[in-house]
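Working notes for the structure below.
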Amino acid sequence: MPMHSVQQGDCLSSIAAQHGFLWKTLWDHPSNAELKQLRKDPGVLYPGDVVNVPDKDVKEESRPTDARHKFKKTEEPTRIKIRLLLDDKPRVGLKYELQVSGQKITGSTDGAGVLEENIPPGAREGVLVVTEGTSNYIYQLAFGSLDPIDTDDGVRQRLASLGFDVDEGLPGAVQSFQTKEGLQATGTIDDALRTRLKAKFGQ
Amino acid sequence: MPQPIARQVRGAQTLNTINIQVVDIFLQTSPGRQAAGARGINAASFQVKDNTGAIIQNGTTGADGRIQMRIQGGVSTLELLGGSTVGAYTVRLRNAAAEGVATPAGQQRRLRMLGYHIGHTGPEGNGVDGVAAPSRELDRSILEFQADTAAINAAGNANAMDSIAGPATQNALTTAAGV
């Protein structure tokens, strides 16, 4: 059975699309049970994880010759969902343009400050331009690069995204977050921190 | 550093959050010029840039000189405009609390915020070096601050002009700097 070694930017939907599977087929395959147990979220894998890719079953269909037959390939879109906040409050009705794989997708954020768009499964990067008044906010996006919450990288990424300064070291940023959230300001990454951080970030 | 965004499989309830922190910055004249309540610099134009140089905010101060500055990704730059850029400040969210006002570093940081000249020593090159008196820069700036506060506090609450940061001077520093 071929194996796919996870690189930064991979997640189950991109790997599945690359190998011609639906993500659920891979995720629920017995050979990936251990990975599923470890990561829990198919959207968040860690570089070095291994996804087993089962051999494809051959499906046989009998059709008369000399006729035209239509076969439909099931494909599922990959989605991204981003919530934009200002001082922890939703940025509602903001116009945005998402540039990905040469396409430009425009829209505006909903009442919770959320934007949700389909992207090509193979896309690894994009640019999000958010317009507020006369100002443009430009975000370089790296799809599939969010690391699991139980790694230091995953904690660092989530804190940075919530607006904490991680350049002065992770313990300081953890402490700031704990203080703001009314947790005990230990500067240590523990389960209570992970749970709260996950809730604040959204996964 | 690009922003990591997880893809969502169909039906997932998860999402990615990008938050911008906001801090209050007060643009003021130095303590010796006006009474405490009247130090705000009114109608000053400003803009805020993120670390890519994109302008993410612009506006004009009100009577209190307050700017609700947006800090994108932990650091932004505040530019004061007067036809052209007349001042630029890099504002970084600090994780650590401000140094205590009883320490030399705490006094230096507040004096610098209030516009006093304290030199360019220290790890950040901003004069906050934690070196206690006798230090020429720290002594002189404390004396200047005491003189300024004394001139304003005509009611008799004046600090002794001794260039020593005693309890009364420490209180006055905390009040003036707002931290």
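The sequence lines fix the lettering, A, B, ..., with proteins before strands; numbering per chain opens at 1.
Between the side chains of A:Gln175 and A:Thr186, no donor-acceptor pair is found at a separation under 3.5 Å. Between the side chains of A:Asp150 and A:Tyr46, no donor N or O sits under 3.5 Å from an acceptor N or O. A donor-acceptor contact closer than 3.5 angstrom links the side chains of A:Arg83 and B:Thr17. Side-chain contact annotation: B:Ser163 with B:Gln146, donor-acceptor N/O pair under 3.5 Å absent. No hydrogens or angles considered: nothing links the side chains of B:Gln3 and B:Asn16 as a donor-acceptor pair under 3.5 Å.
For B:Ile71, no part sits under 4.5 Å from any heavy atom of chain A, backbone or side chain. Contact of A:Asp87 with chain B is made through backbone and side chain together, with heavy-atom distances under 4.5 Å. No part of A:Asp153 comes within reach of chain B, as not one of its non-hydrogen atoms sits under 4.5 angstrom from that chain. Neither the backbone nor the side chain of B:Gln47 comes within less than 4.5 Å of any heavy atom of chain A. A:Ala16 does not touch chain B: none of its heavy atoms, backbone or side chain, sits under 4.5 Å away. Contact of A:Val130 with chain B is not made at all, since no heavy-atom distance falls under 4.5 Å. With a threshold of 4.5 angstrom between heavy atoms, A:Tyr139 approaches chain B through side-chain atoms but not through N, CA, C or O. Contacts of A:Thr179 with chain B are absent, with no heavy-atom separation under 4.5 Å from either backbone or side chain.
When the candidates B:Pro4, B:Gly74, B:Ala54 are compared by the number of heavy-atom contacts under 4.5 Å with chain A, B:Pro4 comes out ahead. Per-residue counts of heavy-atom pairs under 4.5 Å with chain B were compared for A:Gln140, A:Lys24, A:Lys81; the largest is that of A:Lys81. For chain B, the option among A:Val44, A:Leu86, A:Ile82, A:Asn136 with the highest count of heavy-atom pairs below 4.5 Å is A:Leu86. Chain B forms more heavy-atom pairs under 4.5 Å with one residue of A:Glu116, A:Arg91, A:Arg158 than with any other, namely A:Arg91. Among A:Cys11, A:Pro121, A:Gly133, the residue making the largest number of heavy-atom pairs under 4.5 Å with chain B is A:Cys11. Ranked by heavy-atom pairs under 4.5 Å with chain B, the list A:Pro171, A:Gly126, A:Gly144 is led by A:Gly144. When B:Ile56, B:Val22, B:Ile55, B:Thr52 are compared by the number of non-hydrogen pairs under 4.5 Å with chain A, B:Ile56 comes out ahead.
In terms of the ring-ring contact (aromatic ring centres under 6.0 Å, His included) criterion, residue partners of A:Phe177 (sequence neighbours excluded) are, by chain and number, A:Phe164.
Distance check, rounded to the nearest 0.5 Å: CZ of A:Arg79 to CG of A:Asn118 gives 4.5 Å.
The pair A:Lys200-A:Asp88 does not count as a salt bridge, with every side-chain nitrogen at least 4.0 angstrom from each carboxylate oxygen. Looking at B:Glu124 and B:Arg109, a side-chain N of the basic residue comes within less than 4.0 Å of a carboxylate O on the acidic one, giving a salt bridge.
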(request) Tell me, with the steps shown, if A:Gln157 and A:Asp147 meet side-chain contact (heavy atoms from CB on, under 4.5 Å). (result) CA-CA 8 Å; A:Gln157 290 174 337; A:Asp147 290 326; 3.4 Å; yes

